[in-house]
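Just below is one structure, and these are the notes that go with it.
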Amino acid sequence: MPGRARSQMKSLLRRTIWQWMKGTADRLDGCSLQVKLIVAYIGVILIPVVLFSLYTFHQLYENTMKDITVQNQYVLDTELAHIHSNMEIMERTAQLAISDRNVLRYLTEEREISSDELVQFNLNVFPNLQHLLYSNPNVENIRLYTNNPQTHEIWPMIFNESRLPKASWLKAAQLRQGKIWWDMYKGPKSLLGGQSRQESETVQYMALLREIQSTGGRHTGLVETNMRLELFSPRVFGIPQRDRAWQMFILDGDDSSSRDADKSMSSTDIATATASSQSDLISIPLSHVHHLFKSRVQGPGGAFDFSYENKPYLGMYRYIDGLDVYLLNVVALDGPLGDLRQKRNAMLLIISLLILFMSVISYTLHAFILKQLHTLHAFILKQLHTLRESMKKVEQEGDFQLTIPVYGRGEVAELALYSQSTESD
C-alpha cells in the first residue's frame, strides 16, 4: 500500500506539472512578442540560477549536518568514556573492599568479637577502607552490609542489612549469585538516624552492588559503592547549560516490565530515573523520547533524525556495556538549520529581485528597440518605393540622368547611390 500511494502521488504531481506548463503555454500564445521575449529571458536566467542555488544550499546543508554530527558525536563519546571510567573505579573499589581477608573475617565471624579485636580492627583494618574512599573522590560511599548479628556497625561503612536503602536489593543479590549489578536510586546521605538535617537529605546515586558470599556460597552480606549521578554522568544529570542545543538521556532499550534477573541493571525504569534530573532544554516529553528511541534503536550505536512539533532533531546513541542501557544525545537542529534556511531564502529573494530589476530594464530596452525597428521598417519601405518609381521612369522615359533622393546610410541608400553612379557612366 505505501508503494502504491507513492506511485499515485508521483502520477498526480506529473499531471499537475503538465497542466501548469500547458496552461502557461496557452496564455503566452496570445501575448505580444515583447512579453514572450521577457518570459523567455526570465526562464533562461531564473531557472538555472535557482537550480544552482538550491544545489549549493543542499551541499551546505549536508556539510552543516556532517559538522553537527561530528561535534555532537564527540560529546557523546566523551561522556561514554567518562561513564566507563567511573564504572571501572567503582568496580575496582568494591573488589578491593571485599578482597581483604580481615574485612571478610570481621563480617562473617560467628562469635562475639572482643573489645581488643574490635580496637585492633579499627586501628589496622578499617583505615584501609577509609583510604579506598578518600583516594577516589568521585566515590560517595563504600558500604558493607551484613546479616551477621555478631558484627558491630562502624560508621560510615559497615552496617546491618536492615539499613539497606532498598529492600529489593536483598532478593536481587541472591538471584545474581555474586555478580555485579547496577542501580539508580534516591537515598539518604547518611544511613544513621539522628544526624543533622543536611546529612539526612536524599541524593540520587548510581550504585554498584554485589553479594558477599562466605565459604560454600552462603549469603553473608552486600557491598555497595555509589556515586552521585551528577558526577557519574555530568552531561546527563549535571547542571544544564542554557546555551547548549543538545540534551543527553540514559535510556533502557526495553520496557521496564520485561526486565528479569539476568539484566545488569535492576528493575528501575531508567527513563523515569532520568526524568527528575533533566531540564527543558529539549522540549520533548521523556515518554515520547523513550518510545521513539525503542522504535529506532538498531545495534550498539547509530543515529537517526526525527521531528517533533515541526522542529527537526538528531538522535545519536551508544550502548553502555555493563549497565545494559543506552546513552542518547538529542540535538536540536532548528537553530543551525534555521539560519541556513534564512540564508537560502535571502539569497533566493535577492536573485528574484535582481531578475525582476533586469526584466524591467529588458522590457524597456525591448520596447525601444521594437519602436526603432518599426520606424526603420517604414523608412526602408519609403526608400524602396522611391527607388522603384525612379526605375520605372528610367524604363519608360529612358532618362538616365534621373536623380534619386537618398536618405540615411542603410543598404537601400547604398543601392540608390550605386544605381545613380551606374546611370552616369
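Side chains are part of it too, since the values below use all heavy atoms of this structure and drop only hydrogens, waters and symmetry mates. Throughout, numbering of the chain's residues begins at 1 and tracks the sequence.
Side-chain atoms of Asn148 and Gln150 form no donor-acceptor pair, as typed in the model, at a separation below 3.5 Å. With 3.5 Å as the limit, one finds a donor-acceptor pair spanning the side chains of Glu211 and His219. One side chain, Glu224 or Tyr145, offers a donor N or O that lies under 3.5 Å from an acceptor on the other. Between the side chains of Gln73 and Asp77, a donor-acceptor pair is found at a separation under 3.5 Å. Between the side chains of Ser114 and Glu117, a donor-acceptor pair is found at a separation under 3.5 Å. Side chain to side chain, Ser233 and Glu79 meet the donor-acceptor criterion of an N or O pair below 3.5 Å. In this model, a donor atom of one side chain and an acceptor atom of the other lie less than 3.5 Å apart for Arg105 and Asn102.
Between Arg163 and Glu153, at least one side-chain N (NZ, or NE/NH1/NH2) sits under 4.0 Å from a carboxylate O, which counts as a salt bridge. Taking the charged nitrogens against the carboxylate oxygens, Glu309 and Lys311 have no contact shorter than 4.0 Å, which rules out a salt bridge.
Heavy atoms of other residues, nucleotides or ligands lying less than 6.0 angstrom from CD of Gln298 number 12 at most. Atom CD of Glu112 has 12 or fewer neighbouring heavy atoms from other residues, nucleotides or ligands inside a 6.0 Å radius. His131 NE2: 12 or fewer foreign heavy atoms inside a 6.0 Å radius. Atom NE2 of His291 sits in a sparse spot, with 12 or fewer heavy atoms from other residues, nucleotides or ligands closer than 6.0 Å. Heavy-atom contacts from other residues, nucleotides or ligands closer than 6.0 Å to CZ of Arg111 number more than 12.
Ile250 and Val325 get closest at one heavy-atom pair: CG2-CG2, 3.7 Å. Heavy atoms only, all atoms of each residue included: Tyr317 and Ala303 are closest at CE2-N, 4.0 Å. Residues Leu129 and Ile142 come closest through the heavy atom pair O-CD1, 4.1 Å. Heavy-atom minimum distance, Arg143 versus Pro156: CG-O, 4.2 Å. Of all heavy-atom pairs between Leu209 and Asp183, the closest is CD1-CB, 3.9 Å. Pairing each heavy atom of Asn122 with each of Pro127, the nearest pair is O-CD, 3.2 Å.
Taking the side chain as every heavy atom from C-beta outward, Gln95 and Arg210 approach each other to under 4.5 Å. Between Met248 and Leu327 the shortest side-chain heavy-atom distance falls below 4.5 Å. Contact check for Ile212 versus Leu222: no side-chain heavy atoms found under the 4.5 Å cut-off. Using a 4.5 Å heavy-atom cutoff, the side chains of Leu328 and Met316 are not in contact. Considering only heavy atoms from C-beta on, Leu60 comes within 4.5 Å of Phe57 through its side chain. A 4.5 Å side-chain heavy-atom check between Met157 and Leu144 finds every atom pair outside the cut-off. Between Arg228 and Lys189, the closest side-chain pair of non-hydrogen atoms falls below 4.5 Å. Between Leu314 and Thr69, some side-chain heavy-atom pair lies under the 4.5 Å cut-off.
Interatomic distance, CG of Leu107 versus OG1 of Thr151, reported as 5.5 Å (0.5 Å rounding). Here the CD1-CE distance, from Ile83 to Met206, works out to 7.5 Å after rounding to the nearest 0.5 Å. Remark: His290 NE2 to Leu251 CG distance equals 5.5 Å, nearest 0.5 Å. Between atom CD of residue Gln204 and atom NZ of residue Lys186 there is a gap of 5.0 Å, rounded to the nearest 0.5 Å. Going from atom CG of Leu292 over to atom NZ of Lys294 covers 11.0 Å, rounded to the nearest 0.5 Å. Met90 CE to Thr93 OG1: the interatomic distance, rounded to the nearest 0.5 Å, is 8.5 Å.
A donor-acceptor distance shorter than 3.5 angstrom exists from the side chain of Asn136 to the backbone of Leu132, with no hydrogens or angles considered. With hydrogens and angles ignored, the 3.5 Å screen pairs no side-chain donor or acceptor of Ser85 with any backbone N or O of Ala81. Of the possible polar contacts, one joining the His82 side chain to the Leu231 backbone as a donor-acceptor pair under 3.5 Å is found.
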**Request:** Please test Asn63 against Gln59 for side chain to side chain donor-acceptor pair (under 3.5 Å), starting from the C-alpha separation and ending with a verdict.
**Result:** CA-CA 6 Å; Asn63 293 334; Gln59 294 300 316; 5.4 Å; no
**Message:** Is there a side-chain contact (heavy atoms from CB on, under 4.5 Å) between Thr225 and Glu140? Walk through the geometry before answering.
**Reply:** CA-CA 8 Å; Thr225 58; Glu140 184 75 10; over 6 Å; no
**Request:** Could you check Leu133 against Val139 for side-chain contact (heavy atoms from CB on, under 4.5 Å), going step by step and ending with a plain yes or no?
**Result:** CA-CA 7 Å; Leu133 180 61; Val139 177; 4.1 Å; yes
**Asked** Could you go step by step and tell me if Leu333 and Met65 meet the side-chain contact (heavy atoms from CB on, under 4.5 Å) rule?
**Response** CA-CA 9 Å; Leu333 300 177; Met65 287 297 298; 3.9 Å; yes
**Prompt:** What do the steps show when you test Asn329 against Arg235 for side-chain contact (heavy atoms from CB on, under 4.5 Å), and what is the final call?
**Reply:** CA-CA 10 Å; Asn329 188 14; Arg235 286 190 171 95; over 6 Å; no
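No close placement of the Tyr313 and Tyr308 rings is indicated, their centers lying 6.0 Å or farther apart. For Trp182 and Tyr205, the distance between ring centers is not under 6.0 angstrom. Ring-centre distance between Phe232 and Phe237: not below the 6.0 Å cut-off. Ring to ring, Phe304 and Phe306 are close: their centroids are under 6.0 angstrom apart.
Under the ring-ring contact (aromatic ring centres under 6.0 Å, His included) criterion, Tyr106 pairs with Phe121, sequence neighbours left out.
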